[in-house]
Protein chains: 2
Amino acid sequence: MLKLDELDLKLLGLLQADSKKTTKEYAHRLGLSTTAVYERIKRLEKNNVIDKYVALVNKKAVNKSFLVLCHVKLVQHIKEFVLQFERQVQQLEEVTECFHISGDYDYILKINVSDMEAYRDFMVTKLTAIANIGSTQSSFVINEVKNTTAISL
Amino acid sequence: MLKLDELDLKLLGLLQADSKKTTKEYAHRLGLSTTAVYERIKRLEKNNVIDKYVALVNKKAVNKSFLVLCHVKLVQHIKEFVLQFERQVQQLEEVTECFHISGDYDYILKINVSDMEAYRDFMVTKLTAIANIGSTQSSFVINEVKNTTAISL
DNA sequence: TTTGAAATTAGGTGCTA
DNA sequence: TAGCACCTAATTTCAAA
């Protein structure tokens, strides 16, 4: 595990907020030269502290702003069925997140679609078509209070 | 609302997967010239189809891989209290997502911390310190089946 | 196609183990 | 004195027009 100093953490904070600034800009904020920053970034990339760089798209602009959190319970918890469920969920394009969780329900899924009709269609033809699903409970998102990809360091 | 054609959607797909490729690379994949791609990207940025570019960090590498989904119920739903709760949650660095949802619980929060002890500390000193919280229910993430920032277009 | 700016590389200094 | 993190300066590549 790579050891990160204070400057690395600050740099990661800046990169998580905006990865398209110039090295010069980060250097300025950190009080370092561009080369020093450049080398730190390369080190963070090589050691997989930085997974990747991505564009975040505006869900409204692409008409995918209807968000649903769906709790799922399986019928049986035989390894084979569990793995099959997980494999199939990964393939569903509407599902952006899926977590196996403790508690009453087995999984919670985050689903991005255009509207209620699209959600209904997703449920009927895709999700509940997966074998071994016991019950589901859909929670519709009324408001996104907070939604960030940045981890506080 | 900007109209997006097939090439825009493909380009957004590529940018959501990896925003650090060269324009030439995207051009090659789309069968366009670099200039055409460059102008499309600028258009997507200007029209806020692309919100921003960020680095995604590896949670394990920064010791924040203990993930909890916490359901929260408020005592009262008076506007003033609701807004206060939302404002305070936004300030909590451990909370990366917070959605106001339909159903039994009012909110669901995604919390990134280092371990159970840090979570306990978060609950005791931060979350339940917020006024007007009725009850909470924590679901610990056993496995991340899927977790992507890319919206399927 | 051209130009300017930014990324990247090269070479060298000083600190610390 | 070996290794590391840093610097400045030179070079290459790319975005931008």
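Below, chains carry the letters A, B, ... as their sequence lines are ordered, and counting in each starts from 1.
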Please report, rounded to the nearest Å, how far the [atom2] atom of [N] is from the [atom1] atom of [X].
| X | N | atom1 | atom2 | result |
| --- | --- | --- | --- | --- |
| B:Ile41 | D:dA16 | CD1 | P | 9 Å |
| A:Asp8 | D:dA5 | CG | C1' | 11 Å |
| A:Arg40 | D:dC6 | CZ | C1' | 9 Å |
| B:Tyr26 | D:dC14 | OH | P | 13 Å |
| A:Leu4 | D:dA5 | CG | C1' | 15 Å |

Handout entry: Pair B:Lys52 + A:Asp18, salt bridge at N-O below 4.0 Å
Key =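 Not counted as a salt bridge, because no side-chain N and carboxylate O are separated by less than 4.0 Å.
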
Practice task
State which residues pass side-chain hydrogen bond (donor to acceptor under 3.5 Å, both in side chains) with A:Glu39; sequence neighbours excluded, sorted by chain then number.
Solution key: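 Testing A:Glu39 for side-chain hydrogen bond (donor to acceptor under 3.5 Å, both in side chains), a comparison that skips the adjacent residues, returns none.
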
Exercise for the section: Could you list the residues that satisfy side-chain hydrogen bond (donor to acceptor under 3.5 Å, both in side chains) with A:Thr96, not counting sequence neighbours? Expected result: A:Asn112

Show which side-chain atoms of residues 100-108 of chain A pair as donor or acceptor with protein atoms under 3.5 Å away, not counting sequence neighbours.
unit_1	atom_1	unit_2	atom_2	d
A:Ser102	OG	B:Phe140	N	2.9
A:Asp106	OD1	A:His77	NE2	3.1
A:Asp106	OD2	A:Leu74	N	2.8
A:Asp106	OD2	A:His77	NE2	2.9
A:Tyr107	OH	A:Glu86	OE2	2.6

Set out, line by line, the N/O atom pairs under 3.5 Å between protein and nucleotides 2-4 of chain D.
none

[X]: salt bridge (charged side-chain N to carboxylate O under 4.0 Å, His left out) partners, not counting sequence neighbours:
| X | value |
| --- | --- |
| A:Lys59 | A:Glu144 |
| A:Asp51 | none |
| B:Glu93 | none |

Result block: side-chain N/O donor-acceptor pairs under 3.5 angstrom for residues 120-132 of chain A, not counting sequence neighbours:
unit_1	atom_1	unit_2	atom_2	d
A:Thr125	OG1	A:Asp121	O	2.8
A:Lys126	NZ	A:Glu94	OE1	3.3
A:Lys126	NZ	A:Glu94	OE2	2.8
A:Thr128	OG1	A:Met123	O	2.6
A:Thr128	OG1	A:Val124	O	3.4
A:Asn132	OD1	A:Gln76	N	3.2
A:Asn132	ND2	A:Gln76	O	3.1

Handout entry: Protein proximity profile, nucleotides 7-17 of chain C - base contact B, sugar-phosphate-only contact S, no contact -, cut-off 4.0 Å on heavy atoms
Key = SSBB-------

